[in-house]
There are 2 protein chains.
Amino acid sequence: MSLDEIDKKILQKLQNDSKITNKKLSSELNLSVTAIFERIKRLERNRVISRYVALVKPAEVDRSFMVFCQIKLVQHSKNYVIKFEEEIIQLHEVLECYHVSGEYDYILKILVKDMEAYREFLLNKLTNLNHIGSTQSTFIISPVKSTTAIDLL
Amino acid sequence: MSLDEIDKKILQKLQNDSKITNKKLSSELNLSVTAIFERIKRLERNRVISRYVALVKPAEVDRSFMVFCQIKLVQHSKNYVIKFEEEIIQLHEVLECYHVSGEYDYILKILVKDMEAYREFLLNKLTNLNHIGSTQSTFIISPVKSTTAIDLL
DNA sequence: ACTCATTCTGAAAAATATTCTAATTACAAT
DNA sequence: ATTGTAATTAGAATATTTTTCAGAATGAGT
């Protein structure tokens with residue numbers, strides 16, 4: 001789907017604050033409320049906007065420990081890969097998982113309460129999965145930047 | 001701030017779809033609209049909910065290339081670290097940046113159009129920063145899971 | 001039992017989202 | 001240039017939702 005400059009400005013603003021009203025958007029972009037409304041609906045219909053979400057502060061819900069975990073599989077046959085990915089998706093501690101290039105096969109972003117909870121996760125969940133070869137954990141000392149907004153301007 | 005089960009259910013739902021109406025929430029949780037309204041306002045006031053955002057599909061806005069880039073600094077004096085982090089924050093291609101444990105100092109999640117754009121980014125922006133020792137890039141072959149929602153139940 | 005603070009309900013008011021009709025614009029084909 | 005067609009827009013109406021308000025229920029501490 002093709003996006004003009006107005007679409008991009010709308011997306012830019014919605015990515016930063018999806019609670020902004022159509023009225024405010026319309027005055028900032030010098031368009032009618034209806035024009036804004038129709039454009040947003042079109043962006044939603046075409047799945048340019050995939051969803052609207054509330055972002056929760058991890059520390060406020062007792063999830064202050066973030067880890068990047070790299071994983072190697074023992075085999076790479078299609079069945080193993082499919083099975084592994086299905087199982088990973090089920091784990092709620094895993095916020096993100098990517099199949100990647102390089103020495104390891106996967107990178108996972110994991111969020112838990114603390115180091116102890118991570119140990120539990122590793123022992124009881126992750127290393128219990130079949131086909132896992134080795135893992136390597138990288139702990140987050142401090143977040144420097146964290147955004148979901150893609151720059152479009 | 002302390003959260004009861006109702007708060008957690010509200011957060012759970014808002015993390016998945018922040019456009020859900022208070023009326024719908026109220027019927028699903030068997031509370032009045034006002035009760036829901038007040039609870040959400042409290043969650044916002046106390047920054048449990050940090051913001052509401054629209055999520056945009058990267059491919060739809062021509063950003064199909066994601067990379068994890070690990071960085072080592074040449075020195076770790078406070079001034080260097082501060083300066084480096086300030087500069088990283090400015091780069092719109094960098095969606096996330098974490099100070100981490102292990103062999104490298106930082107992990108960055110970078111989103112660009114394609115490999116060529118990534119090369120441009122590396123040459124013109126990243127390696128132009130002072131104090132950078134070495135970098136190592138890991139390319140995303142395929143996303144397996146990607147969510148912003150923290151499981152609270 | 002009484003007070004205080006918190007959370008709740010239901011109704012009213014204010015603001016916003018959505019629908020509708022018509023006018024305008026953009027653009028391709030002639 | 002001009003016609004026709006579709007897409008986009010504006011403005012008014014209607015429908016929904018958010019927000020405010022007053023009063024009732026709840027619970028902890030005295």
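Proteins get letters first, then strands, A, B, ... in listed order; numbering begins at 1 in each.
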Per-nt protein contacts along nucleotides 6-18 of chain C (heavy atom under 4.0 Å; B base, S backbone sugar-phosphate only, - none) come out as --SBBB----SSB
Could I get the full list of side-chain contact (heavy atoms from CB on, under 4.5 Å) partners for B:Val48, not counting sequence neighbours? A:Val56, A:Glu60, A:Val61, B:Met1, B:Leu3, B:Leu11, B:Leu43, B:Asn46
Please give, in whole Å, the distance from D:dT17 P to A:Tyr52 OH? 16 Å
Cluster check A:Val100, B:Met115: I/L/V/M/F/W/Y, side chain < 4.5 angstrom: no
End-to-end axis angle, where each axis spans five pairs of the helix from C:dA1-D:dT30 to C:dT30-D:dA1, to 10°: 40°
Under the salt bridge (Lys or Arg N to Asp or Glu O under 4.0 Å) rule, collect the residues that match up with B:Lys19, sequence neighbours excluded. none
Which residue is it: B:His76, B:Lys72, B:His99? I am looking for the one with a side-chain hydrogen bond (donor to acceptor under 3.5 Å, both in side chains) to B:Asp105. B:His76
Quick one: does A:Asp7's side chain have a donor or acceptor within less than 3.5 Å of a partner on A:Asp4's backbone? yes
Tell me if the aromatic rings of A:Phe84 and A:His131 count as close, with their centers under 6.0 Å from one another. no
How would you list all residue pairs meeting salt bridge (Lys or Arg N to Asp or Glu O under 4.0 Å) that involve residues 142-153 of chain B, not counting sequence neighbours? none
Working to the nearest 0.5 Å, report the span between CD1 of A:Ile36 and CG of A:Leu29. 5.0 Å
Shorter than 3.5 Å, N or O on both sides, protein versus nucleotides 22-26 of chain C: list them out with atom names.
none

Check the hydrophobic clustering (I, L, V, M, F, W, Y; side-chain heavy atoms under 4.5 Å; chains of links allowed) and say if A:Leu14 and B:Leu95 are grouped together. yes
Going by heavy atoms in the side chains, are A:Glu116 and A:Phe65 under 4.5 Å from each other? no
